[in-house]
Amino acid sequence: MKWLPPSQNAVCNWMSPQSRRSRKKRKKIQMHCENLQQESKSRAKNIGAIKAKGGDIEPLLKEVGDLKNQLAQAEADLAAAQQEWEELLAGLPNLPAEDVPEGKSENDNVEVRTWGTPKEFAFPVKDHVDLGSDLAQLDFEVAGKITGSRFAVMKNSLARLHRALIQFMLDTHTAAHGYEELYVPFIVNKDSLFGTGQLPKFEADLFKLRDDRDFYLIPTAEVPVTNLLRDEIVEEKQLPLKFVCHTPCFRSEAGSYGRDTRGMIRQHQFEKVELVQFVKPEESEQALETLTSHAEAILQKLGLPYRTVVLCTGDMGFSAAKTYDIEVWLPSQQRYREISSCSNFRDFQARRMKARYRSSETGKAELLHTLNGSGLAIGRTLLAVMENYQQADGSIEIPSVLRPYMGGLDVIRRG
RNA sequence: GGUGAGGUGUCCGAGUGGUCGAAGGAGCACGCCUGGAAAGUGUGUAAGUCGAAAGGCUUCGAGGGUUCGAAUCCCUCCCUCACCGCCA
């Protein structure tokens with residue numbers, strides 16, 4: 001068994017009749033198999049003991065022959081039942097937290113707070129695509145030539161602004177919020193993707209390498225960073241563990257062909273600064289609040305208006321127990337768009353990964369709780385800065401916190 | 001890519017085909033000692049799973065095989081280390 005399936009918990013009560021049947025069947029076969037194993041083991045020991053005394057073991061060997069066949073059959077049956085059961089379980093999503101609102105779609109998400117006031121522009125606003133191309137610093141056509149659709153090329157000060165955002169976020173989270181910076185592989189194996197919940201159900205969203213090692217490009221830093229603790233047992237006093245990591249993210253965007261085709265909202269490749277926490281179970285609820293506030297702090301320092309919503313049951317991801325989305329104001333769309341998603345996974349990922357800690361209370365290895373959130377998605381932050389800081393002449397003012405990273409530059413102009 | 005050596009519990013590290021789930025140590029927990037601590041010292045301490053319990057079963061990198069019986073023997077793969085080659 002490669003992970004720790006839930007045995008007695010709520011998921012089992014929640015299961016379909018089909019999975020209940022599968023569980024019963026597995027258990028029955030397992031008991032039968034274990035009885036045979038016990039019998040076989042004790043006979044083997046007996047043979048060993050008699051042989052050690054110099055006794056005759058021939059008659060005993062004959063007796064054992066049929067048992068061996070029965071056992072082989074039982075073990076094959078068990079393996080099949082086990083696999084059926086595990087496949088059922090692997091496809092079950094996490095249970096929503098008790099305070100998650102019920103709902104069917106993103107329309108049922110509940111706003112929990114807003115920050116800042118959308119700016120009134122005295123001129124017709126442009127979207128980031130027009131702003132970027134008028135500045136000659138953002139080019140989707142050439143990216144289309146180099147690769148294909150849903151890629152971008154940035155140039156000059158805009159490329160630097162993109163880099164500045166990454167540096168600014170990493171510095172803020174390490175210095176002000178107490179996260180440890182990480183650098184990780186951008187290519188991961190299947191076990192890691194199973195651990196965080198992308199596999200087995202969401203393979204279509206991933207880029208898979210043409211290689212017999214079953215490697216995939218990461219869709220988010222969450223995968224390599226969270227799997228840092230796969231198959232590990234950490235000491236309680238090390239907790240909480242808080243990591244920040246900048247990586248590119250690769251998503252095939254299968255199933256969203258028609259959505260957000262213009263601009264850099266939805267790309268196959270984008271950068272993200274990710275926050276990941278490993279905490280004790282009793283601390284995860286509070287940790288989600290602080291993690292979300294860390295992501296919000298970036299938008300506040302950048303002076304970008306946003307709102308925070310709690311996702312309803314119907315809009316949550318597969319692995320999450322509770323998720324806050326942070327949505328930034330986009331003047332060109334006159335609405336808030338997602339720029340960060342912060343989730344508490346409770347023990348769902350930890351169970352799949354066998355990520356545990358030694359509890360001083362019970363003395364046993366207990367499952368950790370994992371959380372993560374974007375802090376923030378760089379491409380979307382860049383376009384939010386462009387649109388919110390645009391000026392009548394098409395130039396873009398640089399938010400003051402980013403100027404040290406821009407060599408003192410305060411406005412991006414054409415040229 | 002080539003050659004060689006390895007992968008054992010929270011960690012380090014022994015291990016003869018048969019009472020090995022695994023010596024020893026570290027760490028941790030509890031106790032003794034102490035004014036308190038350190039040192040010293042005693043005891044305990046793998047995980048998962050089934051069971052009300054007694055107890056059972058699985059797991060020594062992964063997967064196959066040989067055997068009545070595998071941590072131990074054979075095969076394949078993965079990973080680590082060393083040296084050589086190549087390389088940003």
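Proteins come first, then strands; the chains are lettered A, B, ... in the order of their sequence lines, and each starts at number 1. Fair warning: this is a prediction, and the values are worked out from it, not measured in the lab.
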Trainee: To the nearest Å, how far apart are A:His32 NE2 and B:G56 P?
Mentor: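 From A:His32 NE2 to B:G56 P: 20 Å.
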Trainee: So which nucleotide from B:C50, B:C57, B:G18 ends up closest to the side chain of A:Lys27?
Mentor: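 Nearest nucleotide to the side chain: B:C50.
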Trainee: In whole angstrom, give me the gap between the P atoms of B:G48 and B:A53.
Mentor: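 Between the two P atoms, the distance is 16 Å.
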Trainee: When the P atoms of B:U34 and B:A29 are considered, how many whole Å apart are they?
Mentor: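 Result for the P pair: 22 Å, nearest Å.
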Trainee: Separation of A:Ile50 atom CD1 from B:G69 atom C1', in whole Å?
Mentor: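 Computing the A:Ile50:CD1 to B:G69:C1' distance gives 13 Å.
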Trainee: Return yes if some donor-acceptor pair links the side-chain N/O of A:Asn94 with the main-chain N/O of A:Ser319 below 3.5 Å, else return no.
Mentor: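 Yes: the side chain of A:Asn94 pairs with the backbone of A:Ser319.
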Trainee: NZ of A:Lys364 versus P of B:G44: gap in Å, rounded?
Mentor: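 The distance from NZ of A:Lys364 to P of B:G44 comes to 19 Å, rounded to the nearest Å.
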Trainee: So, is A:Lys45 close to the B:U19 phosphate, meaning a side-chain N or O under 4.0 Å from OP1 or OP2?
Mentor: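 Negative; the distance criterion is not met.
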Trainee: Within the 4.0 Å heavy-atom criterion, would you say A:Lys51 contacts the bases, only the backbone, or no part of the nucleic acid?
Mentor: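 It contacts base atoms.
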Trainee: Whole-Å distance between B:G27 P and A:Gln238 CD?
Mentor: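 Distance check: A:Gln238 CD to B:G27 P gives 16 Å.
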Trainee: Once you apply a heavy-atom cut-off of 4.0 Å, does A:Glu232 come out as touching a base, just sugar-phosphate, or nothing?
Mentor: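 No contact.
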Trainee: Find out whether the Lys NZ or Arg CZ of A:Arg380 is both under 6.0 angstrom from the six-membered ring centre of A:Phe270 and within 45° of the ring's axis.
Mentor: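 That pair does not qualify as a cation-pi contact.
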Trainee: Considering only side-chain heavy atoms of A:Ala44, which listed nucleotide, B:A47, B:U58, B:G18, is closest?
Mentor: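 The listed nucleotide nearest to A:Ala44's side chain is B:G18.
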Trainee: Could you tell me whether A:Ile47 contacts a base, only the sugar-phosphate backbone, or nothing, with contacts defined as non-hydrogen atoms closer than 4.0 Å?
Mentor: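 The answer is base, as A:Ile47 lies within the cut-off (heavy atoms under 4.0 Å) of a base atom.
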Trainee: Check the distance between B:G63's P and A:Glu75's CD and give it to me in whole angstrom.
Mentor: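 The answer, rounded to whole Å, is 13 Å.
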Trainee: Take atom CD of A:Glu235 and atom P of B:G9, then tell me their distance rounded to the nearest Å.
Mentor: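 Checked: the CD to P distance equals 15 Å.
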Trainee: Students often mix this up, so state it plainly: with edges at 30° and 60°, are the rings of A:Tyr306 and A:Trp115 parallel, tilted or perpendicular?
Mentor: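 Parallel: the ring planes of A:Tyr306 and A:Trp115 meet at under 30°.
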Trainee: It should be established whether A:Arg358 places a side-chain nitrogen or oxygen under 4.0 Å from OP1 or OP2 of nucleotide B:A47.
Mentor: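 Yes, because at least one side-chain N or O of A:Arg358 sits under 4.0 Å from OP1 or OP2 of B:A47.
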Trainee: So does A:Gln38 reach the base of B:G56 with its side chain, donor to acceptor, closer than 3.5 Å?
Mentor: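 Side chain to base: no pair present.
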Trainee: B:G27 P sits how many Å from A:Glu236 CD, rounded?
Mentor: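 Between P of B:G27 and CD of A:Glu236: 19 Å.
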Trainee: Which of parallel (below 30°), tilted (30 to 60°) and perpendicular (above 60°) describes A:His177 and A:Tyr179?
Mentor: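 Ring orientation of A:His177 relative to A:Tyr179: perpendicular.
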Trainee: A:Asp231 CG to B:G9 C1': how many Å, rounded?
Mentor: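 In whole Å, B:G9 C1' lies 14 Å from A:Asp231 CG.
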Trainee: Looking at A:His173, A:Glu180, A:Gln277, which hits side chain to side chain contact (heavy atoms under 4.5 Å, CB included) with A:Lys242?
Mentor: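 Only one option passes, and that is A:Gln277.
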Trainee: What nucleotide, of B:U49, B:A47, B:U58, holds the atom closest to the side chain of A:Lys41?
Mentor: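 Given the options B:U49, B:A47, B:U58, the side chain of A:Lys41 is closest to B:U58.
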Trainee: Pick the C1' atom in B:A26 and in B:G6, then give their distance to the nearest Å.
Mentor: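 It comes out at 22 Å once rounded to the nearest Å.
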